[in-house]
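Note that this is a predicted model, so its numbers are computed, not measured. Residue numbers count from 1 along this sequence.
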Amino acid sequence: AGWRQAQFVGTATTETAWNAGVGADYVLNEVTTVNADYVFSRSEKTPNPAEDGHRVTLGITFHR
C-alpha cells in the first residue's frame, strides 16, 4: 500500500495518489512456484478527474 500528495509551488495544482495490492504464491512441486499479484491505484491531479489503474502480474518460477 502507498500514498502520496504534492502541492506545486506557485500554482493551485495538487496531486494525490494511492495504491493497494495483494499477492499470492503457490508451490506446485519442489521445482515450480506460481505467483500472482494485483495492484489498484488511483491518482488525481486538480483540476483533472481521477484516474484508476489496475495491474495484474502472473509468473512462474523454476528452482533447482
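Scored by the side chain to side chain donor-acceptor pair (under 3.5 Å) test, Arg55 finds no partners at all (sequence neighbours excluded). Among residues two or more places apart in sequence or in another chain, the side-chain contact (heavy atoms from CB on, under 4.5 Å) test is passed with Gln5 by Trp3, Thr16. Listed by chain and number, the residues in a side-chain contact (heavy atoms from CB on, under 4.5 Å) with Ser43 are Ala17, Glu51 (sequence neighbours excluded). With sequence neighbours excluded, the residues that form a side-chain contact (heavy atoms from CB on, under 4.5 Å) with Glu44 are Ala50. When the side chain to side chain donor-acceptor pair (under 3.5 Å) test is applied to Thr32, the partners found at least two apart in sequence or on another chain are Asn29. Not counting sequence neighbours, Phe8 has no partner by the ring-ring contact (aromatic ring centres under 6.0 Å, His included) test.
Val22 and Trp18 fall within a single hydrophobic cluster, where Ile, Leu, Val, Met, Phe, Trp and Tyr are joined by side-chain heavy atoms under 4.5 Å apart, directly or via other members.
When all heavy atoms of Thr46 and Ala12 are compared, the pair lying nearest together is OG1-O, 3.7 Å. Minimum interatomic distance between Thr13 and Gln7 (heavy atoms only, all atoms of both residues): O-NE2, 3.6 Å.
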N/O donor-acceptor pairs under 3.5 Å from side chains in residues 57-64, not counting sequence neighbours:
unit_1	atom_1	unit_2	atom_2	d
His63	NE2	Thr33	OG1	2.8

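Sorted by first and then second residue, the pairs that involve residues 14-43 and meet salt bridge (charged side-chain N to carboxylate O under 4.0 Å, His left out), not counting sequence neighbours, are Arg4-Glu15, Arg42-Asp52.
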